[in-house]
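Written below as structure tokens is the structure these notes are about.
Whatever order the structure lists ligands and atoms in, that order sets their numbers, starting from 1.
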Amino acid sequence: MPIFEYRCQKCGAEFDELESIDNCDKPHKCPACGSRRSERQLSVFCASSGDGGGGAATCPSTGST
Ligand SMILES: [Zn+2]
């Protein structure tokens, strides 16, 4: 399962959860304050930094233009 990042809208805490695709958009409980007003952050799958390979890092989920 992929890891999704969430940010609590109440206290601003960021946390990540190992979650299935089906559940990724459901509210997740903030480990810091217990609020379930969390929003999912952008996936980190496509985050490619520090790679000097010269290859274009394309995100498969962005689709074609
Ligand atoms: Zn919180």
Side-chain angles (χ1 to χ4, degrees):
M1 284 190 291
I3 295 177
F4 294 96
E5 286 191 351
Y6 300 89
R7 186 178 63 189
C8 177
Q9 295 185 322
K10 184 178 179 181
C11 73
E14 295 182 354
F15 56 99
D16 48 53
E17 295 280 353
L18 192 65
E19 189 60 272
S20 66
I21 298 293
D22 289 341
N23 292 330
C24 69
D25 280 328
K26 294 182 179 179
H28 283 69
K29 190 175 183 179
C30 172
C33 73
S35 172
R36 279 190 288 185
R37 291 190 59 82
S38 59
E39 64 176 5
R40 185 164 60 91
Q41 302 297 284
L42 291 176
S43 171
V44 296
F45 297 170
C46 304
S48 177
S49 61
D51 186 1
T58 56
C59 179
S61 65
T62 53
S64 59
T65 53

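- A search for side-chain contact (heavy atoms from CB on, under 4.5 Å) contacts involving K29 returns R36, not counting sequence neighbours.
- Take R7 and apply the side-chain hydrogen bond (donor to acceptor under 3.5 Å, both in side chains) test, not counting sequence neighbours, and it matches E39.
- In this structure, OH in Y6 is found 16.0 Å from CZ in R37, a value given to the nearest 0.5 Å.
- Put simply, the residue from D25, D16, L18, I21 that forms a side-chain contact (heavy atoms from CB on, under 4.5 Å) with F4 is I21.
- Excluding waters, the set of protein N, O or S atoms lying under 2.8 Å from the Zn ion (ligand 1) comprises C8 SG, C11 SG, C30 SG, C33 SG.
- With sequence neighbours left out, N23 forms a side-chain contact (heavy atoms from CB on, under 4.5 Å) with E19, S20, K26.
- S38 and P27 get closest at one heavy-atom pair: OG-C, 4.2 Å.
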